[in-house]
Amino acid sequence: MKKIKHWLLIFLKGAVMGAADIVPGISGGTVALITGIYTELLESISSINLHSLKVLKAQGFFKFWEKVNGNFLLSLFCGILFSVVSFSHVINYLLATESILIWSFFFGLILASAGYIIRHLPYFCYKESIGLLVGVVVVVAISVVPKMYVPDDLFILFWGGAIAVCAMILPGISGSFILLLLGIYPIVISAISQLQWSVLLIFISGCIFGLLVFSRMLSALLRAYYSVTMATLVGFVLGSLIVVWPWRDAVGVTLTYAGIEFIWPHRLLIPVDFLAATGQDPQSFSAFSCMMLGLVAVMALDFFGRQPKIPGG
C-alpha cells in the first residue's frame, strides 16, 4: 500500500510538471526542483546507457528496469502525459482570460521555491553567489535574444529538439520558449497537427539524444559541485520571474548597451502604471492573493512531496 501511495505521488508530481511545461515561460524542471525529485530524475535518465543495455541483454528486462529506476520514470512520465493531454486547453483558456491571476500565481510559486531551495543549500559562499548571478543573467539574456528564422531542415530540427529538451529539464527555462527563439516552433506545431511523421521522428530523436546527454552532464555536475550547481539552477529560477511578471504590455522596449540593441518583448509595469498604460484593471488584490496562493502551494508540495524513498521500488 505504501508503494502504491509513493508511485501515485510521483505521478502527481509528473502531472504538475506537465502543467508547468504547458505554460510559456515555466519549466517542468522548476517543479521537479521544488518537489525534491530533480536529482533522482537526472540520475534515472542518465542511467539509460550502454551499461544498462548490457544488463538488459545479459540479465533480462526486470534487472534492466530496476537498473534505470523504471517505476519512477514510468510514473513520472505518465503523470506528465496525463497533464498535457488533460489540462492544456484549461490552462491556455485561463492564460487567455485570467492572465494576470495565472501569472501572479506562478510568480509567487517561483519566488517561494527559489527562497526555499536557497535556505536548504549545504552552504552559500561567494562561489554559490556567482553561480546564482550567472543563472539569472543567462535567463534574462535568453529572454531578450531576437528570434531566429531557420529553414525547414531536418538537421536543424534534430538539434533544435536536443536544445529544447535540455531547456525543459533546466529550472526557469521553458523548452517551448527556446523553440520560439530558434524559429522552429511553427514547424513543430504544424508537424504535430498534420502528423508529419518524418519531421516528428527527427525532432523526437533530437529530444531523446539531448535528454540522455544533457541529463548525464547535469548529474555529474551535481555530484561534483552540488552546492554551486544548485545555486546556478536557483539563478535560472529567479531569472524566470521577469518572464512571468503579471503586469506588462505588448509594447517592445529597445535597450542599447555598448552600441548593441536588444529588444525586450514586453514592458514590465507596476499595477498603477499598468492601468494607465493599458486601461485594464490590474486586479491588484486578487493578483497578490494568487501570489500568496503560490507560496502556500510550495509549502504544500514540500509537506506532501518529500517522502522517504521506497527501498527496492
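Keep in mind that what you see is a predicted model, and the values were worked out from it rather than measured.
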*Sequence neighbours left out, what passes side-chain contact (heavy atoms from CB on, under 4.5 Å) with Phe82? Give chain and number order.*
Phe11, Ser86, Phe87

*Can you find a heavy atom in the side chain of Phe107 that is under 4.5 Å from one in the side chain of Trp245?*
yes

*asked:* Do Leu53 and Ile45 sit in one hydrophobic cluster, given that two such residues count as connected whenever their side-chain heavy atoms are within less than 4.5 Å of each other, even indirectly?
replied: yes

*Using side-chain hydrogen bond (donor to acceptor under 3.5 Å, both in side chains) as the criterion, list what pairs up with Gln283, not counting sequence neighbours.*
none

*How long is the gap from CG on Leu76 to CD1 on Ile80, to the nearest 0.5 Å?*
4.5 Å

_Give me the atom names and distance for the closest heavy-atom approach of Ala162 to Phe209._
CB-CD2, 4.3 Å

Compile the donor-acceptor pairs under 3.5 Å between side chains in residues 128-136 and protein atoms, sequence neighbours left out, one pair per line.
{"residue": "Glu128", "atom": "OE1", "partner": "Cys125", "partner atom": "N", "Å": "2.8"}
{"residue": "Glu128", "atom": "OE2", "partner": "Ser227", "partner atom": "OG", "Å": "3.1"}
{"residue": "Ser129", "atom": "OG", "partner": "Cys125", "partner atom": "O", "Å": "3.0"}

_Using 0.5 Å steps for rounding, measure from the CG atom of Leu42 to the OG1 atom of Thr229._
10.5 Å

*How far apart are the closest heavy atoms of Lys127 and Val228, and which atoms are they?*
CB-CG2, 3.9 Å

*With sequence neighbours excluded, what pairs up with Ser104 under the side-chain contact (heavy atoms from CB on, under 4.5 Å) test?*
Ile100, Pro246, Ala287, Cys290, Met291

_Membership question, hydrophobic clusters at under 4.5 Å side-chain separation (ILVMFWY): are Phe285 and Trp103 in the same one?_
no

*Single-linkage hydrophobic cluster Ile10~Leu74, side-chain heavy atoms < 4.5 angstrom*: yes

*Please name all residues satisfying side-chain contact (heavy atoms from CB on, under 4.5 Å) with Val68, sequence neighbours left out, ordered by chain then number.*
Ser47, Ile48, Ser52, Phe64

*Is any side-chain heavy atom of Ile37 less than 4.5 Å from a side-chain heavy atom of Met17?*
yes

*Heavy-atom check, side chain of Val296 versus side chain of Met292, under 4.5 Å*: no

_ring-ring contact (aromatic ring centres under 6.0 Å, His included) partners of Phe61, counting only residues at least two apart_ = Trp65

_Where at least one partner belongs to residues 43-54, residue pairs that pass salt bridge (charged side-chain N to carboxylate O under 4.0 Å, His left out), sequence neighbours excluded_ = Glu43-Arg223

*Linking I/L/V/M/F/W/Y whenever their side-chain heavy atoms sit closer than 4.5 Å, directly or via other members, would Leu101 and Leu295 fall into one cluster?*
no

*Could you tell me which residues satisfy ring-ring contact (aromatic ring centres under 6.0 Å, His included) with Phe72, sequence neighbours excluded, listed by chain and number?*
none

_Under the rule for side-chain contact (heavy atoms from CB on, under 4.5 Å), what residues qualify as partners of Pro282, not counting sequence neighbours?_
Trp247, Pro271, Phe274, Leu275, Ser284

*asked:* Rounded to the nearest 0.5 Å, what separates atom NE2 in His51 from atom CG in Leu56?
replied: 12.0 Å

*With sequence neighbours excluded, tell me which residues meet side-chain hydrogen bond (donor to acceptor under 3.5 Å, both in side chains) with Ser44.*
Asn69

*Report yes or no: do Phe77 and Tyr38 belong to one cluster of Ile/Leu/Val/Met/Phe/Trp/Tyr joined by side chain heavy-atom distances under 4.5 Å?*
yes

